[in-house]
Structure formats: structure tokens, C-alpha cells
K.L.:
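Before anything else, here's the structure in question.
Computation of the quantities below employed the complete heavy-atom set of this structure, encompassing side-chain atoms and omitting hydrogens, waters and symmetry-equivalent molecules.
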There are 2 protein chains.
Amino acid sequence: MSKRESNVDRVYEALRRMAADFAFKPDQRINESALSEVLGASRTPLREALNRLVAEGFLTFQSNRGFFCRPLTPSYILDLYEARVAVECEALRLSCQRASEAEITALSAYLERMEPEYESATELEELLAMDESFHARLAQLSGNNELQRILRNLNGRIRYIRLIDLKRMREEADGRAPGDISAHRRVLEALVKRDADTAVEALRNHIEKRREQATEAVRIAFSQLYVPED
Amino acid sequence: MSKRESNVDRVYEALRRMAADFAFKPDQRINESALSEVLGASRTPLREALNRLVAEGFLTFQSNRGFFCRPLTPSYILDLYEARVAVECEALRLSCQRASEAEITALSAYLERMEPEYESATELEELLAMDESFHARLAQLSGNNELQRILRNLNGRIRYIRLIDLKRMREEADGRAPGDISAHRRVLEALVKRDADTAVEALRNHIEKRREQATEAVRIAFSQLYVPED
DNA sequence: GCGTTCAAAATTGTATACAGTTTGGAATTC
DNA sequence: GAATTCCAAACTGTATACAATTTTGAACGC
């Protein structure tokens, strides 16, 4: 009998979280010795985990210089959101063909159950988790493991941006319900009718709207970075 | 001054080729010591490269049992082709908006230049390289690095299947020009007109047609595997 | 024959040592 | 003071050793 999760897996998960949250700053060089001490593992398993993250696009690697955090640029953000459109919209098209009535009903129930929580959520992380969860469940109905895998990767790398977006969204809409859940409802309504084109258009518009908002939110956050005094 | 390509990179590239071509049989366990000898590197850099391939979906990993080749099942093939549709079609939609006239002209020229070579190609590998190259160039016009990155990953894992498909295609169409280039031409014509919907439909049909053919070709290849005598 | 047991062999997991390379900064020159 | 040289410190790259785990197959009992 063996532990199902290896040490490298554990280190990998910890690093993935750190990289997703930009615990490493963009382009920052990663010191292996220091990091291995923090994570309680030697450099060998650490480097194995780091290599996985390079392959997944969370980090970069330079020969003889080691590992670096991925950069964070406007075009990178644009690319990630466009990739989400590609993956999520095609998954939705498949879901419209394939999802069982029971699965769709379950997703509707989930959305309704979340609605009050979504409006009362106090933590940004909580809001994000609910948003991500809806999109993930939607993709799951496609039955396509590759699309889900890709989406999970994109979500990990875009997470931090969404957090910035949500933060601004909440500040703007202060108190009022976040307008996003209605977009989810529109997608779901079309899915219920198995109207793929309408569903896909609704989802595309939703993601592209968020992309615009997120880009703007990041722009503002950046500009504030260089003018720290209020 | 440093070599631009590290040893791990070299080992990784070699392993990727092997995994793409199923030099490791599906589900086969990989012996690290034997492999490290073949590749002329110790187990440390070998395992770093293997971990990258796990993250990319070429291999799997089990705690205390090591690395295994990815399985090869009908649903896996279906998933990969569907993911290609998602990525390539959205990339094409973006290309219709963004590609410069010069880029489109260059791609047209490329297609025309390839046509005679495509018809006379003697090696399957050569045919595949040309097919992959057209699709990659098309995706490049989107300007989206993430979509290109995902496509490169999918292409690596699907390569072997396409080879089986091309082999059967050539056997069936013995001597005659492979019908595939005309599908590429249809996509390109719509791109020239910046008619995204038509272009995307043409590309989707093309890839789905290949998926059906490839699935069938793999089915036949499998059935022959278990009845080796003619 | 067919499953069990068990120990030897094979294999993986990781810490560590050390060689090779890069980095940072002091000394030097202009 | 700005650029250059150079050396020591820091860091990365990888082979290797050994512990931990799995695999293999021979011996045994039914």
C-alpha cells in the first residue's frame, strides 16, 4: 500500500498556488535553496515540481539561471481570456448536445443555491471560487477531459487577474448584487433549451466583457503601483 | 556566455519525440535507469524532463511506481480532436479579424507552393509535417500565443493518430491526390474574404471529417493488431 | 493447477556533494 | 563618476549513494 499523493505532488500543489497568486513577482528569479527550505523538501523534488510548472506555463526556465515567475503583460492577459473563450465556448457547444437532463437540472439547482451566497459573500476568494466553479461545471458537462484540463490550466494562470477584476467590480457596485450571475443564468437558459448558438454567444459575450473589465482593472492597479502615495 | 539549450531541454525534446511516436507503448512503465543510459544523462535530469511531460499529458505518474506512457483510447482521441476544433476555430476567428493582408498572401503562397510537393510526397512523415505546418501557420495569424501553445501540445499527442489516418488515406486514394488540401484551400478562401463564420465552419468540418476518418483508421489498425496473420 | 508467503532483486525517491556557471561588488582605470 | 576587470560568494546542474517501496519468482500448502 502506498500513499496516493507523492511528495513531489505536494510540493507541486504548494508551488502552483504560490505561482497562481503571484507569491513570486513577475519575472522574479526563484532561489531553489531558500524555497526548498520553506517547503521542507530538498532541491531534487523541488526542481521536479518546478519543471512541471514550467511545462504548464506558470514559470519559465533559463539554462544555468534557473526558474523565473511568468511575466504579467496586457497581451498575456488578452491571450488567456481569448483561450478561455475558445475552450469554454466549444465545451458549451458539446454540452448542449450531450449533457443529460439530470445534469442540466443539477447545474440549475447549483446556480440557484449559490445566488444568495453570491450576493452575501464577504471574501473575494469566495466569490472567485463560486465563479470558477460554475464555469468548471459547465465545461464538465461536455464530457471532454482535454478541454477541462486546458481550462483548469488557464484558470490557474488567470486567477490573480480575476481577483483584481472582482475586487474592482465589488468596489464599483458597492453593496448591490454583482451583475455577473445574470450572465450565468442567460447561458444556462439557452443550455436548457439546447440552443447551442445562443448559449455560446451569451458565454462569449460574458467572458469578453470580463476580459475588458479585467484589463481595465489591471491597468488601474498597475498605475496605482507606481504612485503609491494617495 | 551560456549554451542556450540546457541538457534537460535536450533530454526533454528526445523524450517528447519518443512519447509522441509511442516509442513507449500505451500504459507501459518507463524504466528510468535504462532510459537514462540510452539518453546519456543521469536520472536527475531525466526525471526533470519526465515531469515536464507528465504536466503536458504525454506521460502519467504514479507515486512510488514511476512514469507510464499515456493510454490510447477512443475517447482520448475524440477529446483531442474536439480540443483541436476549439483551439483552431477560435484562432481562425481571430485571424480573420487580425491577420494582415501580407500574412494572408504569404499563407496562400505557401499553400500553392506546397501543393505539388503534397501530391508527390513519398514519406508519410513529410505529408504530416506539411499538414501540421498549414494548421500551425493558420493559428499563428491569430497572434495568440496561448492558443498556439495549446495547439502545439495537442498536435504532439495526436501526431501518431494522424499518421495512422494519413497512412490509410493514402492507401485508399492510391496514387490520386490526397483530398485534404482542398479543405485547406476552402478555409483560406474564406479567410481572404475575412468571412469568419464561413472559414470557421470549413475548418470545423475539415477537422471533424479527419476525426471520423482517424477514429476508423485506428479501429482497423487495432483490429489488425489482434489478428496478426493475414 | 492455483493461490499465498516471503525474501531477494529491481526500482523509485531524495538528500547531498561537488563541478560549473552566474552574480555582485570591490578595486582599478580612464 | 562611469566603465572595466577580476575575484569571491552564491547559485545552478547533475552524478551518486542510500533508504524506502514495489516487483519478481521460487517455495510451499491446498
Side-chain angles (χ1 to χ4, degrees), chain A residues 1-19 22-72, chain B residues 1-19 22-72:
Chain A
M1 195 103 35
S2 75
K3 304 164 300 194
R4 214 175 51 268
E5 189 170 67
S6 75
N7 187 34
V8 174
D9 289 341
R10 186 183 58 77
V11 171
Y12 162 79
E13 292 296 343
L15 287 174
R16 190 183 192 273
R17 253 190 304 278
M18 291 171 75
F22 281 99
F24 312 114
K25 296 287 163 274
D27 290 310
Q28 179 192 333
R29 186 174 178 171
I30 291 170
N31 184 316
E32 297 174 16
S33 310
L35 193 52
S36 76
E37 211 156 315
V38 172
L39 296 174
S42 78
R43 282 178 57 221
T44 309
L46 170 62
R47 283 177 58 104
E48 293 189 4
L50 288 169
N51 270 284
R52 287 195 202 173
L53 290 163
V54 168
E56 289 186 309
F58 284 89
L59 305 175
T60 63
F61 174 79
Q62 284 177 49
S63 181
N64 285 315
R65 307 213 321 123
F67 299 87
F68 297 78
C69 185
R70 67 195 181 287
L72 180 56
Chain B
M1 195 99 40
S2 75
K3 302 164 302 195
R4 217 180 40 271
E5 190 172 69
S6 76
N7 187 35
V8 174
D9 289 342
R10 187 184 56 78
V11 171
Y12 163 79
E13 291 295 343
L15 287 174
R16 189 181 192 274
R17 255 190 302 278
M18 291 171 75
F22 280 100
F24 312 113
K25 297 288 164 272
D27 290 310
Q28 180 193 330
R29 186 173 176 173
I30 291 170
N31 185 315
E32 296 172 17
S33 310
L35 193 54
S36 77
E37 210 157 314
V38 172
L39 296 174
S42 79
R43 283 176 56 221
T44 308
L46 170 61
R47 283 177 59 104
E48 292 189 5
L50 288 169
N51 270 285
R52 286 195 202 173
L53 291 163
V54 168
E56 288 185 311
F58 283 89
L59 304 175
T60 63
F61 174 78
Q62 284 176 50
S63 181
N64 286 315
R65 306 215 321 123
F67 299 89
F68 297 79
C69 184
R70 67 194 180 287
L72 179 55

K.L.:
Out of C:dT16, C:dG13, D:dT12, which nucleotide sits closest to the side chain of B:Glu32?
P.N.:
C:dG13
K.L.:
Looking only at side-chain atoms of B:Pro45, point me to the closest of C:dA15, C:dT14, D:dA15.
P.N.:
D:dA15
K.L.:
Among D:dT12, C:dT14, D:dT14, find the nucleotide with the atom closest to the side chain of B:Arg43.
P.N.:
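In terms of side-chain proximity for B:Arg43, the closest of D:dT12, C:dT14, D:dT14 is C:dT14.
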K.L.:
Report the distance from atom CG of B:Leu46 to atom C1' of D:dA15, rounded to the nearest whole Å.
P.N.:
13 Å
K.L.:
Answer with base, sugar-phosphate or nothing: what part of the nucleic acid does B:Ile30 contact at a heavy-atom distance below 4.0 Å?
P.N.:
sugar-phosphate
K.L.:
Judged by atom type as modelled, is there a donor-acceptor pair below 3.5 Å linking the side chain of A:Gln28 to the main-chain atoms of A:Lys25?
P.N.:
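Side chain of A:Gln28 to backbone of A:Lys25, a donor-acceptor pair under 3.5 Å: yes, one is there.
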K.L.:
Which nucleotide in the list C:dT14, D:dT16, D:dG13 gets nearest to the side chain of B:Thr44?
P.N.:
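Looking only at heavy atoms from C-beta outward on B:Thr44, the closest nucleotide is D:dT16.
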K.L.:
Which nucleotide, D:dT14, C:dT14, C:dT22, lies nearest any side-chain atom of A:Arg29?
P.N.:
C:dT22
K.L.:
Please report the distance, rounded to the nearest Å, between CZ in A:Arg47 and P in C:dA17.
P.N.:
17 Å
K.L.:
May I have the distance from B:Arg10 (atom CZ) to D:dG13 (atom P), rounded to whole angstrom?
P.N.:
15 Å
K.L.:
Whole angstroms only, please: what is the CG-P distance between B:Asn51 and C:dT14?
P.N.:
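Spelled out: CG on B:Asn51 to P on C:dT14 is 10 Å.
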K.L.:
For B:Tyr12 and B:Glu5, test the side chains for any donor-to-acceptor distance below 3.5 angstrom and give the result as yes or no.
P.N.:
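B:Tyr12 vs B:Glu5: no donor-acceptor pair found between side chains.
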K.L.:
For DNA chain C, whose closest nucleotide is more 5', that of A:Phe68 or that of A:Ser42?
P.N.:
A:Ser42
K.L.:
With the side chain of B:Phe61 defined as its heavy atoms from C-beta on, choose the nearest nucleotide among C:dG13, D:dA15, C:dT12.
P.N.:
C:dG13
K.L.:
Can you find a side chain N or O atom of B:Asn31 that sits less than 4.0 Å from OP1 or OP2 on C:dT11?
P.N.:
yes
K.L.:
Hey, are A:Asp9 and A:Arg52 close enough for a salt bridge, meaning a charged N less than 4.0 Å from a carboxylate O?
P.N.:
yes
K.L.:
Would you kindly give the CG-to-P distance between B:Leu35 and C:dT12, to the nearest whole Å?
P.N.:
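Nearest whole value for this atom pair: 10 Å.
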K.L.:
Closest heavy-atom contact between B:Leu59 and B:Cys69?
P.N.:
CD2-CA, 3.9 Å
K.L.:
Please classify the nucleic acid contact of B:Leu50 as base, sugar-phosphate, or nothing, using heavy-atom distances under 4.0 Å.
P.N.:
nothing
K.L.:
Salt bridge check, B:Glu32 against B:Arg47: does any charged N sit closer than 4.0 Å to a carboxylate O?
P.N.:
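Judged by the 4.0 Å cut-off on N to carboxylate O distance, B:Arg47 and B:Glu32 do form a salt bridge.
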K.L.:
Let me know the distance between OH of B:Tyr12 and P of D:dG13, rounded to the nearest Å.
P.N.:
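From B:Tyr12 OH to D:dG13 P: 17 Å.
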K.L.:
Once you round it to whole Å, what is the distance between P of D:dG13 and CD of A:Gln62?
P.N.:
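The distance from CD of A:Gln62 to P of D:dG13 comes to 10 Å, rounded to the nearest Å.
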K.L.:
Which nucleotide, C:dT22, D:dT14, C:dA15, lies nearest any side-chain atom of A:Asn64?
P.N.:
C:dT22
